[in-house]
Amino acid sequence: MLFLLLLFTSCISVRKDNEQKSVCIPPEKLKLDVDFARSRLRELHPQLYWYISEKELNRKFDSLKNTLDAPLTPLEFYFKLQPVIADIREAHLSLRIPMKKLTRREEKSMENRKAMFSRFEYYVEGSHLYIARNKDSVENIRPGTEILAINNIPASAYLKRYGRLVNSDGFNTTFQPYFLKDWLFYFYVAENGYQDRAKLETLYQGKIKNVYLKRETKSIAEIQKEKELKKRTQERKINDYVAFNDSYNRNFSFLDADSTIAYIKVKSFSQTFASAFYREAFQEIKAAEASYLIIDIRNNYGGSLEEINTLYTYLSTEPFTLIKPSQVASGTAPLKTGYFRKSTPLEYAAKIFTYPAFFFGQVFSTYKKDGITYYRIRADKTSAPAKDAFTGKIFVLMNGGSFSASSILAAKLKYDKKAVLVGEETGGANDGTVAGFYSYQQLPHSRIDLPIGLVWVQPNIAFTHTQKGVLPDIPVKETLEDITGKKDPQLERVLDEIKKEPTIQKQ
């Protein structure tokens with residue numbers, strides 16, 4: 001009976017939420033939402049005016065309010081307000097795009113049907129959108145094919161429209177193409193809904209062709225394979241297996257026959273079984289007496305500070321401190337995370353009993369010094385090097401998709417002169433970022449969610465004050481031709497650098 005009650009309540013909630021998203025909101029209420037967003041950012045964000053002055057940000061908010069002279073749906077309002085939020089240039093800071101929720105029945109029907117757009121990997125260059133990889137050979141579309149239009153609307157128009165919604169930390173230009181290639185069709189679906197068909201106008205080797213995509217039904221064999229992929233073996237746990245794309249989040253291998261060159265790729269610092277992974281990997285590296293280590297954090301959007309602190313214990317042979325003490329806007333800010341948000345009645349009841357532990361945990365995690373409020377994070381304490389810390393030469397592969405925690409790691413390694421950085425400027429800032437954990441605010445009238453990062457995290461380095469990303473020691477850009485030709489110019493450059501070494505000796 002309880003299950004049926006929760007199911008019934010959930011269905012009503014989804015219906016009401018979708019109805020609310022279709023209602024036009026009067027201009028005066030939209031203006032109140034703008035003021036609400038501004039006041040919450042001032043109250044909770046610890047470094048709001050890092051890349052934009054208070055005067056300029058206020059001017060943008062006021063200019064937006066002056067344009068609100070007609071009723072708008074929440075989605076229409078989102079496309080007006082989010083570009084202003086993006087101009088703050090904190091890539092962690094973003095409104096959640098209001099999109100239609102699926103009922104349980106709709107979710108169930110979607111489970112056994114294939115996606116349309118996520119079956120491809122993409123490449124963005126300027127106003128051009130390309131298919132970089134066709135995982136299932138859909139419609140025999142060749143890698144390197146340009147998408148000219150989607151349902152008769154130019155792809156360049158979508159890139160321009162959605163490009164205004166995102167920005168990097170600061171003023172680097174490398175992050176946006178990587179983020180757009182991954183999130184373009186998330187924005188598209190949020191705006192246009194889940195479609196069963198789509199028409200693509202494509203260009204390949206000078207020939208224009210129309211391709212029609214459809215949402216296919218999965219075969220019984222494919223459904224069974226997905227179930228098998230979700231099973232968690234010990235290897236899958238330690239390497240943090242991701243069933244969605246049938247790949248591992250972490251990979252470790254040697255790139256040569258005599259195990260001289262070790263290679264670790266991390267797609268995301270998820271912290272899941274991280275300690276076990278690095279312990280086993282560096283035990284093997286030490287046993288093999290490898291002379292070189294390549295750490296690949298390309299397209300790694302970040303994640304756990306705890307994990308990069310663990311990794312750094314294997315990259316330093318002396319004690320270190322990964323980050324500086326982390327600032328918050330006030331001692332009460334960490335309490336405003338929305339502890340009870342989106343809880344079912346049953347979850348809400350359970351959280352009532354756990355709230356005191358949360359409350360006192362947050363209160364005792366903050367402290368004041370010289371008039372500034374700080375939040376205790378384990379990574380701001382001195383850490384000892386691991387027993388099997390690597391003592392050879394380290395190279396780091398990075399690009400514009402290296403963001404957040406990846407940039408913290410790259411900045412620290414560069415400052416400490418522990419690695420040679422190869423690739424592109426990182427998408428995350430060299431001097432830190434605002435994230436940590438979030439206060440989940442909701443605009444009162446449009447009901448749009450605004451997660452605000454509460455913790456100013458800075459690597460323990462001397463700051464560059466460039467307001468840009470971590471710059472590579474050896475710049476190498478990957479092109480579309482490299483991807484379609486299955487070449488890796490950045491890794492190849494590292495291997496060429498190793499070949500230049502006088503001798504390749506074991507540790």
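The chain is numbered in sequence order, starting from 1.
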Considering all heavy atoms of both residues, which atom of [X] and which atom of [Y] are nearest to each other, and what is their separation?
{"X": "Gly361", "Y": "Ser365", "value": "O-OG, 2.6 Å"}
{"X": "Tyr374", "Y": "Pro325", "value": "CD2-CB, 3.6 Å"}
{"X": "Leu165", "Y": "Gln82", "value": "O-NE2, 2.8 Å"}
{"X": "Asn430", "Y": "Pro459", "value": "O-CG, 3.5 Å"}
{"X": "Ile461", "Y": "Lys412", "value": "CG2-CA, 4.0 Å"}

Within the side chain of [X], is there an N or O that forms a donor-acceptor pair under 3.5 Å with the backbone of [Y]?
{"X": "Asn134", "Y": "Phe120", "answer": "no"}
{"X": "Arg376", "Y": "Phe364", "answer": "yes"}
{"X": "Ser168", "Y": "Gly427", "answer": "no"}
{"X": "Thr174", "Y": "Glu425", "answer": "yes"}
{"X": "Glu90", "Y": "Asn167", "answer": "no"}
{"X": "Asp416", "Y": "Leu413", "answer": "no"}
{"X": "Asp169", "Y": "Ala91", "answer": "yes"}
{"X": "Ser39", "Y": "Phe36", "answer": "yes"}
{"X": "Glu307", "Y": "Gln271", "answer": "yes"}
{"X": "Asp473", "Y": "Leu421", "answer": "yes"}

Do [X] and [Y] come within less than 4.5 Å of each other through their side chains, counting heavy atoms only?
{"X": "Ile141", "Y": "Tyr204", "result": "no"}
{"X": "Val422", "Y": "Val396", "result": "no"}
{"X": "Phe359", "Y": "Leu335", "result": "yes"}
{"X": "Ile85", "Y": "Phe61", "result": "yes"}
{"X": "Ile264", "Y": "Ile294", "result": "no"}
{"X": "Thr466", "Y": "Leu471", "result": "no"}
{"X": "Ile295", "Y": "Ile394", "result": "yes"}
{"X": "Met398", "Y": "Pro472", "result": "yes"}

Can you see whether [X] engages [Y] through a side-chain donor-acceptor pair at a distance of less than 3.5 angstrom?
{"X": "Ser330", "Y": "Thr332", "result": "yes"}
{"X": "Tyr263", "Y": "Asp296", "result": "yes"}
{"X": "Asn299", "Y": "Ser402", "result": "no"}
{"X": "Tyr49", "Y": "Glu56", "result": "no"}
{"X": "Tyr301", "Y": "Asp182", "result": "yes"}
{"X": "Thr433", "Y": "His92", "result": "yes"}
{"X": "Thr479", "Y": "Asp482", "result": "yes"}

In this structure, is the centre-to-centre distance between the rings of [Y] and [X] below 6.0 Å?
{"X": "Phe254", "Y": "Phe252", "value": "yes"}
{"X": "Phe403", "Y": "Phe175", "value": "yes"}
{"X": "Tyr158", "Y": "Tyr162", "value": "yes"}
{"X": "Tyr130", "Y": "Tyr122", "value": "no"}

Would you call [X]-[Y] a salt bridge at under 4.0 Å N-O?
{"X": "Arg96", "Y": "Asp449", "value": "no"}
{"X": "Glu347", "Y": "Lys351", "value": "no"}
{"X": "Arg298", "Y": "Asp488", "value": "yes"}
{"X": "Glu497", "Y": "Lys393", "value": "no"}
{"X": "Lys336", "Y": "Glu43", "value": "yes"}
{"X": "Lys487", "Y": "Glu492", "value": "no"}
{"X": "Glu121", "Y": "Lys181", "value": "no"}

Begin from the C-alpha positions of Ser304 and Glu306 and carry the test side chain to side chain donor-acceptor pair (under 3.5 Å) through to its verdict.
CA-CA 5 Å; Ser304 167; Glu306 185 73 20; 6.0 Å; no
With sequence neighbours left out, write down each residue that passes salt bridge (Lys or Arg N to Asp or Glu O under 4.0 Å) with Asp136, or none if nothing qualifies.
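Scan of Asp136 (salt bridge (Lys or Arg N to Asp or Glu O under 4.0 Å), adjacent residues dropped) gives Arg119.
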Return the set of residues passing salt bridge (Lys or Arg N to Asp or Glu O under 4.0 Å) with Glu191 (not counting sequence neighbours), or none when no residue passes.
Arg161
Under the side-chain contact (heavy atoms from CB on, under 4.5 Å) rule, collect the residues that match up with [X], sequence neighbours excluded.
{"X": "Thr173", "result": "none"}
{"X": "Thr373", "result": "Val328, Thr366, Lys368"}
{"X": "Ala157", "result": "Ile153, Pro154"}

Verdict with reasoning, Asp87 to Leu57, per side-chain contact (heavy atoms from CB on, under 4.5 Å):
CA-CA 8 Å; Asp87 283 341; Leu57 183 56; 5.9 Å; no
From CA spacing to verdict: side chain to side chain donor-acceptor pair (under 3.5 Å), Tyr339, Gln362
CA-CA 12 Å; Tyr339 185 74; Gln362 294 293 63; over 6 Å; no
Option from Tyr314, Phe277, Tyr312 for which ring-ring contact (aromatic ring centres under 6.0 Å, His included) with Phe282 holds:
Tyr314
Can you tell which of Phe187, Tyr186, Tyr188 makes a ring-ring contact (aromatic ring centres under 6.0 Å, His included) with Phe117?
Tyr188
Tell me whether the guanidinium CZ or amine NZ of Lys324 lies under 6.0 angstrom from the six-membered ring centre of Phe463 and within 45° of its axis.
yes
Would one find more than 12 heavy atoms of other residues, nucleotides or ligands at under 6.0 Å from atom [atom1] of [X]?
{"X": "Arg164", "atom1": "CZ", "answer": "no"}
{"X": "Arg59", "atom1": "CZ", "answer": "yes"}
{"X": "Lys160", "atom1": "NZ", "answer": "no"}

Only one of Thr310, Asn309, Thr321, Thr313 clears side chain to side chain donor-acceptor pair (under 3.5 Å) with Ser383; which?
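Of the listed options, the one satisfying the test is Asn309.
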Over 60° means perpendicular and under 30° means parallel, so classify the ring planes of Tyr355 and Phe358, tilted if in between.
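Ring orientation of Phe358 relative to Tyr355: tilted.
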Counterpart residues, side chain to side chain donor-acceptor pair (under 3.5 Å), relative to Arg341 (two or more places apart):
none
